[in-house]
Amino acid sequence: MSELAANLAAIRGRMHEACLRSGRTIDTVELMAVSKNHPPETVAEAVGLGLTLFGENRIQEAKSKIPLSPDSARWHFIGHLQSNKARDAVALFEMIQGVDSLDLAAELQKHAVKQSRRPAILLEVNIAGEESKFGWNPQAVLDALPALRAFDQLRLSGLMTIAPYSEDPEIARPVFRQLRELRDRCADRLGSPLPILSMGMSGDLEVAIEEGSTLVRVGTALFGQRPSRPVAA
Ligand SMILES: *Cc1c(COP(=O)(O)O)cnc(C)c1O
């Protein structure tokens with residue numbers, strides 16, 4: 001078995017156990033392979049092992065990597081996106097995880113109309129209020145819902161967060177729980193479901209699943225240590 005195959009089996013096992021503990025079925029949580037800084041050959045190997053969803057956080061890197069990767073791969077943008085990259089993001093990604101301002105949403109709406117595309121979006125929430133992180137504070141998300149709803153070319157599908165880093169995954173549990181509660185309140189206000197909760201990474205995916213994650217974003221535990229530089233354009 002290759003190292004990647006072994007890592008994938010271990011992650012699937014962790015996901016499965018967490019689902020069992022929380023009375024969920026495994027098909028309620030999707031695994032995203034975070035392929036940033038890894039070459040297209042690595043994506044191809046992962047596709048060969050049955051992975052279909054990939055996450056990238058730089059537009060330039062995605063522009064060069066996506067055309068060299070298998071057609072069956074699906075791509076989400078993760079993390080902070082500058083408004084001046086909105087056009088490329090709409091062209092390249094089926095979902096933009098990490099919409100953190102109304103200005104960015106407006107740019108995405110504009111380019112989605114121009115390109116006749118209907119990208120899904122997730123709102124990034126900075127639950128813990130960390131200075132170093134992008135994302136809305138929880139009250140701001142609730143306040144922004146009417147304005148966001150007017151961007152009718154964007155499919156508002158849920159929320160995402162990056163928990164504070166810690167050796168102890170239990171530290172992240174209240175953050176994940178608050179994201180789920182906020183999602184429920186947002187869905188109530190909108191009067192429509194927000195099915196996706198993107199939370200949990202290599203170190204804390206079990207806790208995230210126990211708290212309701214529907215999409216875990218895993219890089220290091222799958223591909224090993226990331227190369228320190230992005231793949232050159
Ligand atoms: C890099 C990244 C990940 C993956 O992190 P790992 O700890 O390597 O699993 C997940 N989400 C976002 C937004 C990232 O930028």
Side-chain angles (χ1 to χ4, degrees), residues 30 32 34-36 53-63 66 74-163 175-176 178-201 208 212-217:
E30 188 165 19
M32 166 195 282
V34 177
S35 48
K36 64 189 185 195
L53 178 61
F54 295 85
E56 290 286 334
N57 70 341
R58 288 192 188 82
I59 293 293
Q60 278 313 112
E61 183 176 3
K63 259 187 175 174
I66 293 176
R74 299 153 47 222
W75 299 89
H76 288 186
F77 187 86
I78 54 175
H80 177 65
L81 177 67
Q82 290 169 287
S83 291
N84 63 5
K85 305 273 172 66
R87 177 166 47 105
D88 286 331
V90 167
L92 289 164
F93 294 95
E94 66 173 44
M95 186 186 288
I96 294 148
Q97 297 195 16
V99 174
D100 55 13
S101 72
L102 283 177
D103 286 348
L104 174 58
E107 281 300 297
L108 291 168
Q109 162 78 12
K110 182 176 88 188
H111 291 290
V113 170
K114 277 191 192 164
Q115 297 177 34
S116 300
R117 293 174 71 101
R118 300 203 67 220
I121 63 165
L122 302 183
L123 307 177
E124 179 170 356
V125 188
N126 187 354
I127 294 278
E130 289 176 276
E131 292 276 344
S132 61
K133 289 202 173 120
F134 289 98
W136 311 75
N137 76 51
Q139 185 57 47
V141 173
L142 288 161
D143 294 343
L145 288 177
L148 286 163
R149 201 211 305 256
F151 298 133
D152 56 0
Q153 199 79 7
L154 308 178
R155 291 179 290 127
L156 177 55
S157 303
L159 306 181
M160 80 88 91
T161 199
I162 305 171
V175 170
F176 294 147
Q178 286 170 60
L179 192 73
R180 168 171 39 90
E181 289 167 355
L182 180 63
R183 186 278 307 268
D184 294 346
R185 284 167 67 197
C186 289
D188 262 7
R189 290 233 184 144
L190 286 168
S192 56
L194 289 171
I196 302 182
L197 269 182
S198 172
M199 57 190 198
M201 313 195 334
S213 174
T214 68
L215 195 162
V216 292
R217 310 178 307 264

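Residue indices begin at 1 and follow the sequence shown.
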Q) Which residues pass the salt bridge (Lys or Arg N to Asp or Glu O under 4.0 Å) test with Lys36, sequence neighbours left out? A) none
Q: Return the set of residues passing salt bridge (Lys or Arg N to Asp or Glu O under 4.0 Å) with Lys63 (not counting sequence neighbours), or none when no residue passes.
A: Asp88
Q) By side-chain contact (heavy atoms from CB on, under 4.5 Å), which residues pair with Glu131, not counting sequence neighbours? A) none
Q: Enumerate the residue pairs fulfilling side chain to side chain donor-acceptor pair (under 3.5 Å) with a member in residues 91-105, sequence neighbours excluded, ordered by first and then second residue.
A: Arg74-Glu94, His76-Glu94, His76-Gln97, His80-Asp100, Gln97-Ser198
(Q) Are Glu56 and Leu92 packed together at the side-chain level, in the sense that at least one heavy-atom pair is separated by less than 4.5 angstrom? (A) no
Q. Is the closest side-chain heavy-atom distance between Ile162 and Phe134 below 4.5 Å?
A. no
Q.
As an exercise, state the distance from NZ of Lys110 to CZ of Phe151, rounded to the nearest 0.5 Å.
A. 11.5 Å
Q: Heavy atoms only: give me the nearest Pro119-Ile96 pair and the separation to one decimal.
A: CB-CD1, 4.4 Å
(Q) Rounded to the nearest 0.5 Å, what separates atom CZ in Phe54 from atom CD1 in Ile66? (A) 11.0 Å
Q.
Test side-chain contact (heavy atoms from CB on, under 4.5 Å) on Leu194 and Leu123; report intermediate values, then the result.
A. CA-CA 11 Å; Leu194 289 171; Leu123 307 177; over 6 Å; no
Q: Starting at CD of Gln82, measure out to CG of Leu104 and round the result to the nearest 0.5 Å.
A: 10.0 Å
Q.
Show every side chain to side chain donor-acceptor pair (under 3.5 Å) that has at least one partner inside residues 115-129, sequence neighbours left out.
A. none
Q: Kindly give the heavy-atom pair with the smallest separation between Val90 and Ala112, and that separation in Å.
A: CG1-CA, 3.9 Å
Q | Non-hydrogen atoms of Ser83 and Glu107 that approach each other most closely | A | CB-CG, 3.9 Å
**Q.** side chain to side chain donor-acceptor pair (under 3.5 Å) pairs, two or more places apart, involving residues 144-160
**A.** Gln109-Asp152
Q: Scan for salt bridge (charged side-chain N to carboxylate O under 4.0 Å, His left out) pairs involving residues 132-142, sequence neighbours excluded, and state none if there are none.
A: Glu130-Lys133
Q.
Show me the pairs that pass ring pair (Phe, Tyr, Trp, His ring centres under 6.0 Å) and involve residues 83-107, at least two apart or across chains.
A. Phe77-Phe93
Q: Using modelled atom types only, decide if a donor and an acceptor are shared between the side chain of Thr161 and the backbone of Val125 within a distance under 3.5 Å.
A: yes
**Q.** Expected output: side-chain Thr214 to main-chain Ile196 donor-acceptor under 3.5 Å
**A.** no
Q) For residues 100-120, which residue pairs qualify under ring pair (Phe, Tyr, Trp, His ring centres under 6.0 Å), counting only residues two or more places apart or in two chains? A) none
Sequence neighbours excluded and cut-off under 3.5 Å, please list the side-chain donor-acceptor pairs for residues 136-148, or say none.
unit_1 : atom_1 : unit_2 : atom_2 : d
Trp136 : NE1    : Val99  : O      : 2.9
Asn137 : OD1    : Gln139 : N      : 3.1
Asn137 : OD1    : Ala140 : N      : 3.0
Gln139 : NE2    : Asp143 : OD1    : 3.0

Q. If you look only at pairs with a residue in residues 178-193, which of them pass as a side chain to side chain donor-acceptor pair (under 3.5 Å), with sequence neighbours excluded?
A. Arg180-Glu211
Q) Quick one: ring pair (Phe, Tyr, Trp, His ring centres under 6.0 Å) partners of Phe176, sequence neighbours excluded? A) none
